[in-house]
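Just so you know, residue 1 is the first one in the sequence shown, and it goes up from there. Start at 1 and go down the list; that is how both ligands and their atoms are numbered.
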Amino acid sequence: MKLRNLFIGMAAATFSAIAMAQAPIVIKFSHVVAADTPKGKASEFFAKKAAELTKGKAKVEVYANSALYKDKEEMEALQLGAVQMLAPSLAKFGPLGVKEFEAFDFPYIFDDTADLHKITQGPIGASLLAKLEPKGIKGLAFWDNGFKSFSANTPIKTPADLKGKKLRIQSSKVLEEQIRSVGGLPQVMAFSEVYQALQTGVVDGTENPISNLYTQKMHEVQKHLTLTNHGYLGYAVIVNKKFWDGLPADVRGQLEAAMKEATAYANKIAQDENDSSLEGVKKSGKTTVYVPTKDERLAFKKAMAPVHTKMADRVGKDLLQTIYKETGFDPNKL
Ligand code: LMR
């Protein structure tokens, strides 16, 4: 009897050892936007590629729409190791203490994604990601979304139209200053709370790329959308550094290859996703979409230009100058 029990015990131990050896490494990837956004689609693409290239050794579980955590909490969860991977917007690194990332929040600093890629895909981008390491975070890639536009319940044609309006922004000192520069009242709020805040009138308006506005149905509770394209919103894909460094080298290499493909995919679809979201907004008939004239665009640029001088010290004058040099933007010559 004893021998039989010993045998059963040994068999069970062998079985669980085999099961453990085969159990995939789970990577929880949390984000706050809808699945059918550039970030949502790219994270699903990465999950598929990761399974394929690691031959099932790694399993990426994607949690969209703040299903696990809201904005600020998800960063804490990553640092604690409760989730392994995130793709927060670049604005979310300022509150973490890496203020240089708020350079991306400066109004009109990038004219288009070509300008932006000179930074994110070059040495400046790499040095920014390296600044996350002391926080226990490893930066893997930059993913695009697009340029933000303002929405409200009243028409927006001039900066004065935003005067006195409570406008939701992400937690960023540069964005706060940007709203103040047009006489608005900045309201910092988690992304998952914006729809309701707009619906109930807690805030009057907001700014986001159209893919975020449309997939959260914000256009159903905003009567006017003006394509100001006044600032950039994109992401850094990050992992818990201890977790990442602890992965078997072959798996880590395969995941890096999957990330490379996912990044190319993300940056390829971002513009199209925003374009089709804009079509969706127009078709809904719930929001009037306004395209500013050249002069109107210039008026917004001029109104927001002082943000560059006021906030230069926060992100570092040298960093700003390097970006200006790459992009050709000069806030003093508009
Ligand atoms: C926001 O809070 O507006 C954005 O960061 C949401 C996102 O991740 O695109």
Side-chain angles (χ1 to χ4, degrees), residues 29-44 46 62-78 83 85-96 98 101-107 113 116 120 139 141-152 166-176 178-179 184 186-198 202-219 221-222 225 228-238 262 266-267 269-271 273-274 277-278:
F29 188 157
S30 165
H31 70 81
V32 300
V33 296
D36 52 345
T37 54
K39 176 162 65 176
K41 288 190 174 177
S43 54
E44 291 294 348
F46 172 68
V62 180
Y63 298 89
N65 250 332
S66 310
L68 289 185
Y69 301 103
K70 291 185 195 172
D71 304 15
K72 205 171 132 245
E73 297 151 13
E74 71 171 13
M75 199 70 95
E76 285 160 10
L78 182 91
V83 294
M85 189 174 276
L86 306 173
S89 72
L90 302 173
K92 306 261 158 73
F93 295 98
L96 190 70
V98 194
F101 275 81
E102 286 181 13
F104 292 99
D105 296 338
F106 277 69
T113 35
L116 173 89
T120 51
F142 288 98
W143 283 0
D144 284 348
N145 186 342
F147 289 86
K148 295 174 292 180
S149 284
F150 281 117
S151 65
K166 284 181 271 168
L167 299 170
R168 181 271 170 179
I169 51 163
Q170 304 180 79
S171 174
S172 153
K173 296 292 170 207
V174 173
L175 294 180
E176 277 180 31
Q178 171 205 265
I179 298 299
Q187 309 283 311
V188 172
M189 185 179 290
F191 184 69
S192 57
E193 289 161 11
V194 183
Y195 174 86
Q196 211 187 351
L198 290 169
V202 167
V203 293
D204 302 310
T206 189
E207 55 163 19
N208 237 307
I210 314 303
S211 57
N212 277 349
L213 175 108
Y214 182 62
T215 54
Q216 296 295 322
K217 302 193 186 338
M218 292 180 201
H219 63 291
V221 287
Q222 294 277 268
L225 168 67
T228 42
N229 291 316
H230 57 276
Y232 176 73
L233 189 146
Y235 311 105
V237 188
I238 56 174
N267 296 348
I269 64 162
Q271 184 64 50
E273 290 296 317
N274 279 297
S277 285
L278 181 59

- Contact check, Leu233 vs ligand 1, heavy-atom distance below 4.0 Å: yes
- At what distance is the nearest protein heavy atom to atom 5 (O) of ligand 1, and which residue and atom is it? Gln170 OE1, 2.7 Å
- Message: Closer than 4.0 Å to some heavy atom of Ser89 - which atoms of ligand 1 meet that?
- Response: 5 (O)
- Query: Does any donor atom in the side chain of Asn145 or Thr37 lie under 3.5 Å from an acceptor atom in the other side chain?
  - Reply: no
- Hey, is the main chain of Ala152 close enough, under 3.5 Å, to the side chain of Gln222 for a donor-acceptor pair? yes
- Residue, atom and distance of the protein heavy atom nearest atom 9 (O) of ligand 1 read Tyr235 OH, 2.5 Å
- Message: Atom CD of residue position Gln196 - does it have more than 12 heavy atoms of other residues, nucleotides or ligands inside 6.0 Å?
- Response: no
- Task: Please could you name the atoms of ligand 1 that Asn212 approaches to less than 4.0 Å, counting only its heavy atoms?
- Result: 6 (C), 7 (C), 9 (O)
- Of all protein heavy atoms, the one nearest atom 3 (O) of ligand 1 is Arg168 NH1, 2.8 Å
- Identify the heavy atoms of Lys217 and Tyr195 that sit nearest to each other, and give their distance. O-CE1, 3.2 Å
- Does Lys39 have a heavy atom less than 4.0 Å from any atom of ligand 1? yes
- Message: Please give me the minimum heavy-atom distance between Val32 and Tyr69, naming the atom from each residue.
- Response: CG1-O, 4.0 Å
- For atom 7 (C) of ligand 1, what's the nearest protein heavy atom and its distance? Val33 CG1, 3.3 Å
- Message: So that I can tick it off, tell me whether Glu193 and Arg168 are bridged by a salt bridge, with the cut-off set at under 4.0 angstrom between side-chain N and carboxylate O.
- Response: no
- Where ligand 1 meets Asn208 - atom numbers and elements under 4.0 angstrom, heavy-atom basis: 3 (O)
- Query: Quick one: do Lys41 and Glu44 make a salt bridge, cutoff under 4.0 Å?
  - Reply: no
